[in-house]
Amino acid sequence: MGLISGMVMGVVVGVAIMAGWSHLMQRRSRKRIAKAADIKVLGCLGRDELKKLCGDNFPEWISFPQYEQVKWLNKHLSKLWPFVSQAATAVVKESVEPLLDDYRPPGIKSLKFNKFSLGNVSPKIEGIRIQNLQPGQIIMDIDFRWGGDPSIILAVDARVASLPIQLKDLQVFTVVRVVFQLSEVIPCISAVVVALLADPEPKIQYTLKAIGGSLTAIPGLSDMIDDTVNSIVNDMLKWPHRIVVPLGVNVDTSDLELKPEGKLYVTVVKATSLKNKELIGKSDPYVTLYVRPIFKVKTKVIDDNLNPEWNETFELIVEDKETQSVIFEVYDEDNLQQDKMLGVAKLPMNNIEPESPSEITLKLMQSLDSLKIKDYRDRGTLHLKIRYHPYTKEEQLEALESEKKAIEERKRLKEAGVIGSTMDALGGAASLVGSGVGLVGTGVVGGVGLVGSGLGAGVGLVGSGIGAVGSGLGKAGKFMGRTVTGHLGMSRKNGSSSSTAPQPDQPST
């Protein structure tokens, strides 16, 4: 009897335990399913929505990467790269060589590719971010990295030597912005816009190796190539500057093209406490300033003065006030060798109020690149007066035409040998190029040349520097042409290189 009752009790207890265990597992399973559903819903929420939902209990371990990884795209890109590399070689050579000639500094007769191959190593896309969608557009930012093995040989034909220069260890780190203009016609994309974002700053690193010679044969050649590359990138590819590629026939890309947004009046008042770069006497400072490097302008030179006063006003065209800045470079003029930089400063324009005159003081630094700053000694200050004027629609169209004329005029002066490059800084009246006023001063004194063709409706009086003709790379700013046009005038100490720009509200004469 006891045995039977014990067996019955054992069966009952066993069944109860199994039933309880089964119920517990089912309950845990339902909780897991409910939690998974909640997590799936949370995964669809954005950062702001989660913060509203969680309040102060927002978990720190939750992260929202700005860029989505695209490993699958890199796999396809590595397979496509041999074909892309071969097809892109001819296109890059045809498009880049004219740019090298336009931005070619004085002292260099030609810059061409002897050999150009993009190599076998494909770029890598670290991630893609889709920006806020606008009607008719898709904006995509691509984190682009390339440590390639290209075979690029640049033929540098200078006045003192001709050397083939090999570019090695090329590395590119940048964020590429791609804008797709949508249409109702297949393939549903009418145009593509490509640009490099200014933030983070594009990094292009490489080493130069002379083939059959030494880079020291031409002083400053490495700096010249670095500056040429940076100028092309800044002036052609860095946002808001962009490349627009129509994909259809008779596609209207006018809305995608970069247009002038306003005009910035900058008065370079004075500099104080500049550091002397001369062994005998004091520095002869001047200032170059620009928003776009191709429209660089320059003050007159103040001799033997570490607290110079210029009081010169310049007009700079602004294309995107929110992202662009004005760059100020202070140099010490030197007639025998390259001009020495006394300091550089940057003025972002995003906080400048329209039609509100203001006075600004900027501290000069060794470099705008924090990685290149070796010391933080005081280099003096630059005192400015600024006023920003937004364009009306009519003024925008007029400024666009004036800008095109200014570029053509710079090319004409370059072909005539008046300036060494379209990148050369023009003097105080440079902002009037193409506006019908024929006065242009290069700001470098020593010789005065009378150019009979003139600019616009007037006769152009062009001042140029004597410098070291035949010495290779004469620099002002960094690569100001030192060419003699016309007969020798009075010496620099006796002559004045000033070409003061007219005040914004005064007519020029």
Side-chain angles (χ1 to χ4, degrees), residues 66-68 70 72-74 76-77 79-81 83-99 102 118 122-123 125-144 146 172 174-199 202 232-262 292 294 317-324 390-404 407-408:
Q66 290 185 334
Y67 291 87
E68 298 293 337
V70 284
W72 60 271
L73 185 57
N74 287 318
H76 290 296
L77 185 58
K79 295 178 181 179
L80 290 171
W81 182 247
F83 305 95
V84 173
S85 173
Q86 185 175 359
T89 296
V91 176
V92 172
K93 284 189 65 176
E94 291 177 0
S95 59
V96 172
E97 277 193 348
L99 290 179
D102 283 343
L118 294 178
S122 65
I125 297 175
E126 294 291 334
I128 293 179
R129 175 179 63 184
I130 303 298
Q131 297 286 65
N132 294 331
L133 299 181
Q134 299 181 7
Q137 284 187 356
I138 297 177
I139 301 177
M140 181 184 300
D141 291 344
I142 302 174
D143 189 355
F144 182 89
W146 185 35
V172 180
T174 186
V175 176
V176 181
R177 169 160 291 181
V178 182
V179 181
F180 297 97
Q181 181 75 17
L182 305 180
S183 70
E184 298 178 353
V185 180
I186 293 177
C188 300
I189 299 176
S190 60
V192 177
V193 177
V194 180
L196 305 183
L197 286 190
D199 187 21
I232 292 175
V233 170
N234 291 338
D235 202 51
M236 301 292 295
L237 293 175
K238 187 185 292 187
W239 187 268
H241 312 128
R242 75 286 299 267
I243 295 176
V244 180
V245 182
L247 298 182
V249 180
N250 298 325
V251 175
D252 183 12
T253 60
S254 58
D255 291 339
L256 300 176
E257 299 287 349
L258 185 64
K259 299 181 182 66
E261 186 178 275
R292 292 183 62 180
I294 199 170
I317 293 178
V318 179
E319 286 130 340
D320 188 349
K321 180 173 169 288
E322 296 304 314
T323 61
Q324 289 184 312
Y391 281 142
T392 62
K393 193 68 175 179
E394 293 76 15
E395 290 175 331
Q396 186 181 60
L397 296 176
E398 292 177 2
L400 188 61
E401 289 301 317
S402 179
E403 184 176 290
K404 292 179 180 178
I407 293 176
E408 292 300 320

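Because only heavy atoms are used, hydrogens play no part in the values below, and waters and symmetry mates are left out as well, while side chains stay in.
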Q.
Are there over 12 heavy-atom neighbours, none belonging to Glu257, within less than 6.0 Å of that residue's CD?
A. yes
Q: Could you tell me the separation between the CD atom of Glu398 and the CD atom of Glu394, rounded to the nearest 0.5 Å?
A: 8.0 Å
(Q) Any side-chain to backbone donor/acceptor pair from Arg292 onto Ile317? Under 3.5 Å, distance only. (A) no
Q: Kindly compute the distance separating CG (Leu118) from CH2 (Trp146), expressed to the nearest 0.5 Å.
A: 4.5 Å
Q. Atom CD of Gln181 and atom CD1 of Ile189: how far apart are they, to the nearest 0.5 Å?
A. 10.5 Å
Q: Would you indicate whether the side-chain heavy atoms of Val194 and Val245 approach each other to under 4.5 Å?
A: no
**Q.** Inter-residue atom distance Ile125.CD1 - Asn74.CG, 0.5 Å rounding
**A.** 5.5 Å
Q. Which atoms form the tightest heavy-atom contact between Ser122 and Leu77, and what is the distance?
A. CB-O, 4.1 Å
**Q.** Any Ile138 side-chain heavy atom under 4.5 Å of Leu182 side chain
**A.** yes
Q. Do other residues, nucleotides or ligands put more than 12 heavy atoms under 6.0 Å from the CD atom of Gln86?
A. no
Q: Side-chain contact test, heavy atoms from C-beta onward, threshold under 4.5 Å: evaluate it for Trp239 versus Asp320 and give yes or no.
A: yes
Q. Does the side chain of Pro260 come within less than 4.5 Å of Leu400's, by heavy atoms?
A. yes
Q) Can any side-chain N or O of Gln396 pair as donor or acceptor with the backbone N or O of Lys259 at less than 3.5 Å? A) no
**Q.** Trp81 and Pro123, any side-chain heavy atoms less than 4.5 Å apart
**A.** yes
Q.
Working to the nearest 0.5 angstrom, can you tell me the gap between Leu73 CG and Ile142 CD1?
A. 8.0 Å
Q) Considering all heavy atoms of both residues, which atom of Arg242 and which atom of Val193 are nearest to each other, and what is their separation? A) CG-CG1, 3.3 Å
(Q) Applying salt bridge (charged side-chain N to carboxylate O under 4.0 Å, His left out), can you list everything that pairs with Glu395, at least two apart in sequence or on another chain? (A) none
Q. Can you name the salt bridge (charged side-chain N to carboxylate O under 4.0 Å, His left out) partners of Lys238, sequence neighbours left out?
A. Glu201
Q: Start with the C-alpha distance between Leu256 and Gln137, add both sets of side-chain angles, then the distance that settles side-chain contact (heavy atoms from CB on, under 4.5 Å), and finish with yes or no.
A: CA-CA 11 Å; Leu256 300 176; Gln137 284 187 356; 3.5 Å; yes
Q | Gap between atom CG of Asp143 and atom CD of Glu126 - 0.5 Å precision | A | 5.5 Å
Q: Kindly determine whether Val176 and Leu196 satisfy side-chain contact (heavy atoms from CB on, under 4.5 Å), including the steps that lead there.
A: CA-CA 5 Å; Val176 181; Leu196 305 183; 3.9 Å; yes
Q. Can you tell me if Gln324 uses its side chain to pair, donor with acceptor, with the backbone of Val318 under 3.5 Å?
A. no
